[in-house]
Engineer: 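Okay, here's the structure, questions in a sec.
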Amino acid sequence: MSSFRSFSQTIQIRLLLMFMAKLTTMMVIPYLIIYFSAKLGVITSGFMLIAVIMASVAGAMIGGPAADRFGRKKLILLFESIIIISYLGAALSNGSWGTSALATFLFFLMAQFSTGAVNPIYQALILDCSQPNERQEIYTYSYWLGNISVAIGSLLGAMLFNKFLFFLLLSVACTSLVAVIVTIFFIQETMPRKTELRHTSKKLACRKKLAKRLGERGFLTFCFASLLVVAMEEQLTNYLGIRFVQEIQKGEGVLILLSTEASGIEMLGLLKVENTVIVILFTLGIAKWTKKWSPYVTLLGGVFLFFIGYITLSISTTPFILIIGMFIASIGEVLYMPIKQTMLATIVPDHARSTYMSWYQIALLLGVCSAGAFLVISHWLSFTTMTFLFCLIGLGSVILFYRFIQNMDEERKDNRFRQEV
């Protein structure tokens with residue numbers, strides 16, 4: 001596996017900035033829902049959460065296509081500047097001179113819109129500056145660094161959020177300020193050059209070609225399969241987490257490995273820590289070990305293990321079995337995640353990278369929303385029925401990814417035939 005230094009300067013800068021941004025935002029975002037619930041009530045905070053997701057979707061719909069038209073650099077500077085203003089405003093709304101939960105929400109809404117807009121641009125930037133043969137390793141490092149930053153940021157946020165919210169919000173603004181400065185001086189415009197379409201007929205032909213590509217290369221199939229994976233992953237902090245809290249009472253189960261008794265919320269925390277530790281410790285090693293494997297086998301095998309692990313979590317409330325289930329799911333995640341990102345890069349056309357990445361991001365956000373829908377219907381369904389639905393989701397995702405792989409093979413064969421003719 002290549003070293004981090006072998007990547008281009010732009011890729012190295014982007015990965016380091018991503019690490020800093022995730023670390024600082026994870027000190028704030030996971031705990032804001034608790035902040036709003038305490039200040040404005042549970043129902044109001046629920047609607048706020050929906051508004052935040054919709055703002056991210058709106059940002060992705062605007063930022064991606066705009067970057068394919070106007071370029072990456074100028075829009076990165078624009079949206080990062082808005083993020084600076086947003087978090088600076090949120091910090092000023094939580095100073096020693098007084099707090100305003102409503103003002104904090106409005107600034108946070110603006111920040112999430114800009115984050116949703118800039119994320120697909122950053123993803124396109126990585127594609128612009130990388131070669132196909134190195135993307136799997138780039139995404140492996142990105143996945144690994146991202147999990148380390150999430151672990152550190154979440155831990156620091158848990159310790160500092162209540163007493164130092166002003167400084168945490170200020171740190172996010174400072175991170176975006178660093179991103180702006182670095183982008184100005186060290187990042188060049190990377191958007192591939194293309195001929196402007198001046199006639200309506202040419203624009204229409206381009207749209208038809210784009211639609212055909214969506215069907216032939218399985219982009220929509222890939223997005224929907226990824227949506228199902230995210231919907232399952234989000235169950236840990238939604239339906240499964242609530243079920244653990246309700247059904248695992250302190251003293252009922254003994255964690256042999258830790259020689260301590262656990263309540264449901266402690267069990268949930270332990271599973272999240274287990275997942276993070278496994279990802280951090282095993283990602284680079286497994287990537288090196290599976291380098292010679294077929295990427296298709298790695299993807300399907302990883303997704304299959306991921307769902308087996310989560311279905312195990314949905315069946316049992318025995319701590320030892322839950323730990324085994326999370327271990328299986330985490331290994332599956334480590335296997336499929338970098339491969340999935342690499343395959344996504346292969347089906348994104350050069351002239352519309354940001355646009356495609358924005359639609360992919362929207363699919364992931366819809367997966368997060370669907371997890372909330374499962375939480376609602378769980379009030380009327382038994383845990384057996386919920387487990388059956390999770391099995392259907394897992395089967396559907398594996399089938400869709402398999403169909404995507406078939407589409408890739410069919411297109412490759414078709415291209416070879418055309419070259420021979």
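Note that the structure is predicted; figures quoted are calculated from it, not measured. Side chains included, hydrogens not; waters and symmetry mates left out as well; all remaining heavy atoms used.
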Engineer: Under 3.5 Å, side chain of Trp144 to main-chain N/O of Leu284, donor-acceptor pair present?
Structural biologist: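 No.
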Engineer: Measure from the ring center of Phe7 to the ring center of Tyr141 and say whether it is less than 6.0 Å.
Structural biologist: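 Ring centroids of Phe7 and Tyr141 are less than 6.0 Å from each other.
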Engineer: Of the non-hydrogen atoms in Ala101 and Phe36, which two are nearest, and what is the gap between them?
Structural biologist: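 For Ala101 versus Phe36, the nearest heavy atoms are O-CE2, 3.5 Å.
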Engineer: State whether a side-chain donor-acceptor pair under 3.5 Å links Tyr360 with Gln123.
Structural biologist: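 Absent: no donor and acceptor within the cut-off.
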Engineer: Any chance you could measure Ile405, atom CD1, to Ser294, atom OG, to the nearest 0.5 Å?
Structural biologist: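 Result: 7.5 Å between the selected atoms.
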Engineer: Is the ring centre of Phe401 less than 6.0 Å from the ring centre of Phe222?
Structural biologist: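 Yes.
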Engineer: How long is the straight-line distance from CZ of Arg14 back to CG of Leu17, given to the nearest 0.5 Å?
Structural biologist: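 Taking CG in Leu17 and CZ in Arg14, the distance rounds to 6.0 Å.
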Engineer: Check the angle between the aromatic planes of Phe306 and Tyr310 and answer parallel, tilted or perpendicular using the 30° and 60° thresholds.
Structural biologist: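 Plane angle between 30° and 60°, so tilted.
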Engineer: List the atom of Leu400, the atom of Ala225, and the distance in Å for their closest heavy-atom pair.
Structural biologist: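 That would be CB-CB, 3.6 Å.
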Engineer: Has Ser171 got a side-chain atom pairing as donor or acceptor with Leu168's backbone, closer than 3.5 angstrom?
Structural biologist: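 Yes; at least one donor-acceptor contact below 3.5 Å.
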Engineer: Please give me the minimum heavy-atom distance between Ser330 and Asn275, naming the atom from each residue.
Structural biologist: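 Closest approach of Ser330 to Asn275: OG-ND2, 3.0 Å.
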Engineer: Once rounded to the nearest 0.5 Å, what's the spacing between atom CG of Leu23 and atom CD1 of Ile148?
Structural biologist: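 It is 10.5 Å, given to the nearest 0.5 Å.
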Engineer: Please give me the minimum heavy-atom distance between Tyr35 and Leu165, naming the atom from each residue.
Structural biologist: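 Residues Tyr35 and Leu165, closest heavy atoms: CE1-CD2, 3.8 Å.
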Engineer: Once rounded to the nearest 0.5 Å, what's the spacing between atom OG of Ser130 and atom CD of Gln136?
Structural biologist: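 So the OG of Ser130 and the CD of Gln136 are separated by 12.5 Å.
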Engineer: Please test Phe107 against Ser93 for side-chain contact (heavy atoms from CB on, under 4.5 Å), starting from the C-alpha separation and ending with a verdict.
Structural biologist: CA-CA 9 Å; Phe107 282 118; Ser93 301; 3.8 Å; yes
Engineer: CG of Leu155 to CE of Met26: how many Å apart, nearest 0.5 Å?
Structural biologist: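 The distance works out to 11.5 Å.
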Engineer: How long is the gap from CG on Leu389 to OG1 on Thr384, to the nearest 0.5 Å?
Structural biologist: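 Rounded to the nearest 0.5 Å, the CG-OG1 separation comes out at 11.0 Å.
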